[in-house]
Every structure is written in structure tokens, then in C-alpha cells.
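Fair warning: this is a prediction, and the values are worked out from it, not measured in the lab. Within every chain, numbering begins at 1; the chains are lettered A, B, ... in the order of the sequence lines, protein sequences first and strands thereafter.
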Amino acid sequence: MSEHKDFLRTIVKEDLKSGKYKEVITRFPPEPNGFPHIGHAKSIAINFGIARDYQGRCNLRMDDTNPTTEDIKYVEALKDAVKWLGFEWDQDVRYTSDYFPELYEYAKQLVKMGKAYVDSVNEEEMRLLRGTITEAGTRSKYGERSVEENLDLLERMKKGEFKDGEHVLRAKIDMSAANMKMRDPILYRIKHAHHYRAGDEWAIYPLYDFGHCLSDYIEGVTHSICTLEFENNRDIYDWVLDTLELTPPRPYQHEFARLGINYTVMSKRKLLELVEGNYVNGWDDPRLPTIAGYRRRGYTPESILNFCDTIGVAKANSTVDVSQLEFCIRDDLNAKVPRVMCVLNPLKVTITNYEGSENLIASYYPEDVPKEGTREIPFSSTIYIDREDFSENPPKDYFRLTPQQNVRLKHAYIITCKEVIKDNNGNIVEIKAEYNPDSKSGEDRSGIKVKSAIQWVDAKSAKKVEVRVYDRLYKNEMPEGIEDLNPDSLKIMTDAYIEPAVITQRPDERFQFEREGYFYADPIDYTNEKPVFNKIVGLKDSWAKKTDVKPARGQRSSVEKKPQVDGEVVPMSLEEKALFERYVQELKLNDMVADILARDEKLSSFYEATLFVYNSPVAIANMVANEVARELKDKEVNELKFSATQIAELVKLIDEDTISTKIAKQVFEEMVKDGGNPVEIVQAKGLVQISNPVEINPIIDAVIAQNPDNVAKFKAGNTKLLGFFVGQVLKATGGKANPQVVNELVAKKLQ
RNA sequence: UGGGGUAUCGCCAAGCGGUAAGGCCUCGGUUUUUGGUACCGAUAUUCGGGGGUUCGAAUCCCUCUACCCCAUCCA
């Protein structure tokens with residue numbers, strides 16, 4: 001677990017510490033109506049990760065309340081995804097559909113409590129009655145039905161006596177709620193549909209808002225973690241559990257931001273469109289952000305998990321850069337995977353001064369990867385190199401083979417280009433070269449310096465393979481639809497050659513093809529006759545970046561900051577205006593503070609009351625407008641634990657220099673929490689401030705002696721550090737030193 | 001236009017009144033038989049804007065702005 005906990009873990013930890021729950025139970029609750037993608041992976045990592053970190057449990061629950069869209073094949077895919085990522089759910093997989101009988105009993109209970117009713121308006125009418133975002137809705141006349149009638153109707157709905165849409169069961173909450181979700185949400189609808197699991201037993205099915213919270217409760221879930229779009233649903237979640245007066249403990253819902261990645265789409269709808277429109281080859285197409293896709297492409301579970309870890313968990317909508325994901329897979333594979341040579345775009349090279357053949361011995365791993373293993377690489381006079389590694393007219397800083405520049409064949413010899421052979425169209429078809437017999441890798445006596453070593457394969461022994469080179473599916477950073485698809489997202493290299501050991505020995509499933517990237521033996525299409533490799537991700541390529549004319553990615557076109565226009569401030573009423581004027585003119589308050597007080601009746605009356613006790617208009621105004629205002633935001637004056645008189649006393653203590661403003665804050669917090677007289681609090685806690693330089697100076701000296709580096713930095717001009725020293729001294733005195741005095745003394749000492 | 005959220009570097013993200021963490025990306029450099037890796041170094045005088053409180057504000061107060069979610073019998 002990392003040092004900095006995300007906000008969810010902070011909540012869990014506090015709940016455990018406070019004894020709210022004895023054990024943490026989370027759950028991953030997907031609806032089995034689509035293939036899991038990397039966004040699900042984030043949720044899996046959070047839910048299962050929290051359970052693991054706090055010795056709790058995590059359930060896997062299929063939220064299967066909509067029989068018309070759900071399917072068993074998706075539950076299998078979901079289970080696979082969790083397992084593949086390395087997590088184990090608690091006991092068996094759970095299904096909301098298993099709770100249907102229980103849920104139904106809860107529904108009946110709500111009806112009996114008069115908190116739910118059967119409504120019989122049609123969809124159109126219901127929408128009309130719901131009102132709008134700014135206008136209240138109206139309850140339909142069926143809201144007045146008796147408990148008996150509701151119970152009877154509900155039972156008959158369940159039995160299937162009515163047609164789809166004829167009735168629904170709704171919670172009776174508030175048709176004028178500002179939160180639209182609370183305008184009598186639907187609990188059950190009639191659906192004569194076959195459920196893949198519950199069969200044909202039910203003619204009614206619960207909706208999310210009813211089924212989810214209760215399923216959490218039934219399972220004993222403590223922290224119900226979901227994505228941001230459910231924030232508005234939290235009110236219903238709480239309403240259902242509270243209204244039913246269930247025995248505690250009950251779960252609470254917490255929301256985090258869903259994952260977005262640039263150059264990809266994540267919505268079920270868009271993913272489905274890609275698959276059904278055959279823009280990709282199935283749900284496991286390696287270009288898709290589905291778990292199945294990443295898996296087929298060759299991503300490791302470790303890399304996905306690590307990605308989820310590095311992106312963090314927060315509540316701000318965000319889009320993570322794909323490069324972050326790419327980094328994670330490279331980082332993982334770099335330490336694990338054998339290096340082999342594969343030529344993607346072969347160019348024939350004939351070594352005219354070499355005769356016969358030999359087997360070179362080469363390690364599968366570079367020196368910096370602490371793994372063992374070697375293979376033999378056949379070498380003879382006819383080899384292939386990559387077309388990219390030869391240039392007749394090289395650009396500046398080109399390190400590879402040219403008519404003027406030698407290059408080393410990795411693990412083999414240094415060669416020199418002697419002749420370039422072209423076809424009738426001027427295309428290079430072959431290089432005639434000579435090798436240096438003294439330059440054999442590992443026993444080089446040639447003394448020749450080369451700029452680089454390139455991959456190659458022996459023409460006779462190399463195996464022909466298919467290499468599928470994947471690029472990002474979309475050409476736009478924030479793709480909308482099909483029109484944003486990258487036409488070059490898949491290139492099939494049918495003429496690639498690989499060194500024989502990869503096929504005959506198969507030392508691994510994943511490889512680094514030297515200087516190209518990481519590749520994966522396709523788990524489905526690969527055969528010994530026709531090996532197929534998928535490109536997982538390329539190596540970082542600082543040469544390509546240099547050659548690229550396009551601005552490097554990560555550098556967005558600079559958006560100039562447009563000046564921010566400020567909106568109109570609501571004008572003051574006549575009374576407020578008069579008050580404001582009096583505060584400014586007579587009491588000499590500054591405009592801002594006067595404005596805050598004048599506009600808020602609660603504050604201004606509190607202020608006047610305080611003033612009546614102790615006449616220090618400016619200091620009290622500041623205290624009221626800043627500190628008291630915070631407490632009065634969502635409270636009434638009579639709910640406060642402190643009084644105007646006590647605030648007056650507090651300000652007096654500051655005015656008299658008994659306490660500093662810093663201590664005053666501390667005292668105020670105490671008053672907010674437990675009430676009490678400020679003078680007594682100060683006495684009880686011994687908070688009287690220390691202003692005597694004789695007492696303070698030694699402490700300053702000690703702090704200065706302990707932080708020579710910062711003293712040097714300060715003297716070098718980093719004046720911000722003054723705050724650091726003041727802070728240290730204050731800390732040493734338990735906050736009691738007079739900060740103003742400390743400030744002056746420190747400044748003087750550090751001159 | 002009502003309600004609920006969110007704004008800290010190009011992208012994520014810590015920070016909760018006392019020196020603006022870290023990762024990715026980018027840019028230099030060292031090492032290198034991968035233009036890889038590793039390693040060093042650079043990159044926010046400033047936290048959406050403007051005010052206020054304070055010795056001291058990304059953090060507290062006021063205000064404005066921008067973006068996201070909500071009016072499926074989806075989840």
C-alpha cells in the first residue's frame with residue numbers, strides 16, 4: 001500500500017478505527033450485459049484492493065435485475081476478468097436475482113408503511129408528471145391508493161396478471177424534490193421476460209435503486225463504492241435503507257471518478273458498435289480496451305494492476321494519457337521477457353567474404369536483466385536486416401548501416417556495405433556487404449567502432465511469421481465515433497522473419513523483439529506451421545521522435561488563457577445597503593467584511609449581539625465574517641454550541657494580547673465542538689501565549705542550529721523559508737509562542 | 001434555469017494554516033553490442049479568477065467563472 005492513501009481508503013480506515021464496522025466488506029457489482037473493460041479493472045482493483053489492504057472481504061455480485069439485456073456469457077467474462085487480475089471473491093459469486101424473494105418482502109414492507117404505492121399512469125404521463133429540473137412534479141392520483149389496494153395490486157403484478165407497463169411500484173418520497181431522482185422513484189416494473197438465472201418465475205423485476213442498496217445490505221457490505229454518476233442516487237440509497245429501519249450496521253455509498261483514457265472509448269454502447277459493426281474483430285480484439293482485448297494483445301495482469309495503482313483514485317473527472325498504460329506494460333515486461341531477433345521488413349544482405357555457416361551463442365537477456373538462458377543463432381552469408389536499418393542517403397545522426405558507415409550485426413560481426421542493388425524501379429532489393437572476421441561478438445579484436453548494433457536473421461534458418469502490428473484504435477485524442485477511427489490501427493506483416501530458437505524452443509510467450517518492441521504469441525491463431533505474434537507495445541524510440549515532424553505527443557497545442565469574465569454580483573437590498581454603509585462609515589469595517597455581514601441576516605444579528613458585549617468592531621467583524629460564518633453555513637444560531645458573548649470574550653483575549661490569533665483558532669474549534677467559555681479553555685489548556693524574547697530566543701537558536709541547509713537557502717534569497725522557521729519555533733512551543741514576535745526575531749537573526 | 005459534484009504542471013495526483021510530494025510525458029547528460037533499460041539533472045515564485053481574514057493561505061471566509069452528472073419502467 002502506498003504511503004498516501006486515496007480518499008476511499010482514508011474513509012475505510014477511519015470507519016474501522018471509529019468502530020463503525022468491525023470488518024470491511026466491499027463488492028464489485030457489474031451488470032452482466034457487456035464485456036468488462038479497463039474501467040472495470042479500476043473498480044476491481046479498488047474494491048478487491050481495499051478488502052485486501054484492510055483484511056476484509058470483497059464479493060463479486062452480478063447486478064442482474066434487467067433480464068432483457070443480460071446474458072450468462074457476460075457473467076463468465078466478468079468472472080474471468082476478476083480471476084485473471086488475480087483476485088478471489090468471497091465465497092460464491094452472488095447474484096441480485098438470488099435476492100428477489102427477499103427484495104419483494106422489503107417492497108411489501110414499504111407498501112405497508114405507506115412509503116410505496118402502485119402507480120398506473122403510462123410512461124408518457126409519468127414523464128410529464130415528474131416535472132422538470134426547475135419545476136416541481138405532481139404525484140399521480142394513484143398515489144392515494146390504500147395500503148390494501150397497493151398490496152393486492154403488487155401481488156397481482158408479481159403473479160403476472162398485468163401486461164408490461166401497466167403498473168409500477170414507486171417509492172412515496174417527494175414529487176417536488178430538487179434532486180430529480182427523489183421524485184417517487186420506481187421500485188419495480190412489470191416485465192414478462194425470461195431471466196437467464198431466475199427463469200420465468202418473476203413477472204416483476206426490481207430497479208437498480210431498489211435492488212442495489214438492499215443487496216449491499218443483505219450481503220453485509222460496509223462500503224458501497226461506485227462511480228460519480230451515481231451521486232444523485234445516493235439519496236435514494238439512504239432513503240430505502242433508513243425508511244426500512246433495518247438493523248445496523250448498514251452500508252454507505254461512496255463515489256469515485258470513472259476511468260477515461262485518451263485515444264480510446266470506454267462506453268458499452270460505443271464498444272458494442274465497434275464489435276457489431278465489425279470495425280474490430282470481436283470483443284477480444286487487441287485494439288479494444290476490454291480485459292479480453294488487453295489479454296489477447298499480451299498485456300500482463302500485473303501491468304494493468306500497476307496502472308490502476310499509479311493513476312490513483314479521486315473525484316475529479318479525468319482522462320489518463322495512454323502513455324501511462326504503455327509505460328506500465330513496458331516496465332513489467334522489461335524485467336521479465338527474453339530478447340530475440342525478428343526482422344519485420346526484410347532486406348536481403350549478402351556477405352560476399354563469408355563462407356559456410358556457424359552457430360552463435362547468445363543470451364536471451366541483456367546484462368541488466370538478471371535472468372539466465374541462451375540460445376544458438378545460425379549465421380551464414382545470406383541474412384536479412386530491416387529496411388529501416390539501411391539508408392543510402394542518411395539523415396544527420398543516423399547510426400545504422402550506410403554506404404559509408406559500418407554497423408554491427410547484434411551478437412555477430414561488423415559489416416561494411418559494398419554495393420547497393422536496385423530493381424528497375426530504383427527500389428533497393430539487396431545489399432552486398434563484407435564482414436570483418438576479427439569482429440565476432442565477444443571476441444572482437446578488430447578495433448572498429450560502430451555507432452549501433454542491429455537485429456538480423458539468417459535467411460536459410462529463419463522462420464517466416466505473421467506479425468500483427470497494432471496502433472491506437474482512434475486517431476483523435478477524444479474520439480467521438482466511427483469517423484475518428486485510425487485507419488492504420490492494424491498492420492499485418494506477412495513477410496517477417498524470426499530466429500529459429502523462438503519457434504523451436506519457445507522459451508516464453510512474450511518476447512522483446514530487439515529494437516522493435518514487446519510481442520506476444522497469439523493464444524488463438526498461433527500454430528507451429530504459421531506462428532503469429534501480436535505487438536503489445538513498442539520500445540520507446542527517441543530516434544523516431546527526432547525524425548518526426550509532428551510535435552511530440554504529450555505536447556498539446558498551447559491553449560492561450562482567455563481572460564475570465566466575472567459575472568454580475570446580486571445587488572443588495574435597501575436594508576442591506578444601509579447596514580453596509582453603517583458598517584463601513586461608522587465602524588470602519590473594510591468593504592468585503594461589511595458586505596459579508598450586511599448580506600447575511602444571521603451574521604449581522606450575531607455580529608451586533610457580540611458588539612453589544614464588547615466594543616471592538618473590526619476584530620469582531622473579522623471573526624464573525626470568517627470563522628462564525630463557516631459554522632452558520634448550514635446551521636441556525638440556536639444550534640451553535642457557543643454564544644455571541646463567548647465570541648466577544650474570545651476577541652477580547654486576542655485584543656489584550658493574552659492569546660495569539662493562532663491560539664484563538666484552536667480555542668474557537670474547541671468552542672464549536674464542545675462549547676465552553678474561552679477564558680476557561682485557555683486556562684485549562686495553558687494556552688497563554690509566550691511573547692517574551694528571552695524565552696523565545698533560545699528556541700529560535702535551536703531551530704536555526706538544526707536546519708543549516710535551510711538557513712543557507714534562506715540567506716541565498718529563499719525568503720519563503722521564513723514561514724518554515726516560524727512554523728518550527730511555534731511547533732516547539734506547542735503553538736504558544738507569539739507568532740508575530742517570533743517572526744520579527746527570526747527575521748532579525750537570519751539577516 | 002433547480003439540485004449534486006469537480007478545478008493543484010502537457011496528463012494523472014499528494015497536500016487539510018508553516019519549504020508546492022510522486023508518477024507519466026517532455027528536454028538535457030552519463031552508462032550501454034537494443035537510439036531500450038538503469039542512473040543523474042531540468043521543468044508550478046504558484047494551486048480556475050478576484051477580493052478578504054492571518055505574522056504566514058493551495059488549505060479558512062466571500063464572490064465570480066468553467067467543466068461534469070441528474071427529468072430510462074437502464075445500471
Take atom C1' in B:C25 and the same atom in B:U32, then report the distance between them in whole Å.
-> 23 Å

In B/S/- notation, 5' to 3', how is nucleotides 32-43 of chain B contacted by protein heavy atoms closer than 4.0 Å?
-> -BBBBB------

Nearest-nucleotide wise, let me know which of A:Lys191 and A:Ile311 is further upstream toward the 5' end of RNA chain B.
-> A:Ile311

Base, sugar-phosphate, or nothing: which does A:Lys713 touch, judged by heavy atoms less than 4.0 Å apart?
-> base

Given atom CZ of A:Phe668 and atom P of B:G17, what is their separation to the nearest angstrom?
-> 15 Å

Would you mind classifying the nucleic acid contact of A:Lys633 as base, sugar-phosphate or nothing, using non-hydrogen atoms under 4.0 angstrom?
-> sugar-phosphate

Determine the contact category for A:Asn233: base if any of its heavy atoms lies under 4.0 Å from a base atom, sugar-phosphate if only primed atoms, P, OP1 or OP2 are that close, otherwise nothing.
-> base

With a non-hydrogen cut-off below 4.0 angstrom, is A:Lys181 in contact with a base, only sugar-phosphate, or nothing?
-> base

Give one of base, sugar-phosphate or nothing for A:Asn66, where a contact means two heavy atoms less than 4.0 Å apart.
-> sugar-phosphate

Identify whether the distance between the nearest side-chain nitrogen and carboxylate oxygen of A:Lys540 and A:Glu326 falls below 4.0 Å.
-> no

May I ask you to say what A:Val313 touches in the nucleic acid, namely base, sugar-phosphate or nothing, with a heavy-atom cut-off under 4.0 Å?
-> sugar-phosphate

Picking from B:C11, B:U6, B:C73, which would you name as closest to the side chain of A:Arg130?
-> B:C73

From the options B:C12, B:A75, B:C55, select the nucleotide whose nearest atom is closest to the side chain of A:Val320.
-> B:C12

Taking syn as any angle within 90 degrees of 0 and anti as the rest, which one fits B:U72?
-> syn

Review item, nucleotides 44-46 of chain B N/O atoms under 3.5 Å of protein N/O:
from, atom 1, to, atom 2, distance (Å)
B:U46, O4, A:Lys720, NZ, 2.5

Strand-adjacent residues in residues 620-630 of chain A, judged by heavy atoms under 4.0 Å from RNA chain B = A:Asn622, A:Ala625, A:Asn626, A:Arg630

Could you check which of B:C24, B:C64, B:C73 has an atom nearest any side-chain atom of A:Ser323?
-> B:C24

Are A:Glu231 and A:Lys315 ion-paired here, with the side-chain N under 4.0 Å from a carboxylate O?
-> yes

With heavy atoms under 4.0 Å as the rule, sort A:Tyr188 into base, sugar-phosphate or nothing.
-> nothing

Given that A:Asn710 and A:Gly567 both sit by RNA chain B, which one's nearest nucleotide is further toward the 5' end?
-> A:Asn710

Is there a side-chain polar atom (N or O) of A:Thr65 under 4.0 Å from OP1 or OP2 of B:A75?
-> yes

When we call it a touch if two heavy atoms are under 4.0 Å apart, what does A:Glu31 touch: a base, just sugar-phosphate, or nothing?
-> sugar-phosphate

Answer yes or no: is there an ion pair linking A:Asp386 with A:Arg515, defined by an N-O contact shorter than 4.0 Å?
-> no

Please determine if A:Asp541 and A:Lys545 form a salt bridge, counting it only when a charged side-chain N lies under 4.0 Å from a carboxylate O.
-> no

Presence of salt bridge, A:Arg170 and A:Asp119, under 4.0 angstrom = yes

Taking the side chain of A:Glu229 as heavy atoms from C-beta outward, which of B:C12, B:A57, B:A75 is closest to it?
-> B:A75

Should we say atom NZ of A:Lys731 is surrounded by more than 12 heavy atoms from elsewhere, each under 6.0 Å from it?
-> no

A:Val593 near the nucleic acid: base, sugar-phosphate alone, or nothing, with a heavy-atom cut-off under 4.0 Å?
-> sugar-phosphate

Rounded interatomic separation in angstrom, taking CG from A:Asn232 and P from B:U6 | 12 Å

Please determine, for the side chain of A:Leu207, which listed nucleotide (B:A75, B:C55, B:C70) has the closest atom?
-> B:A75

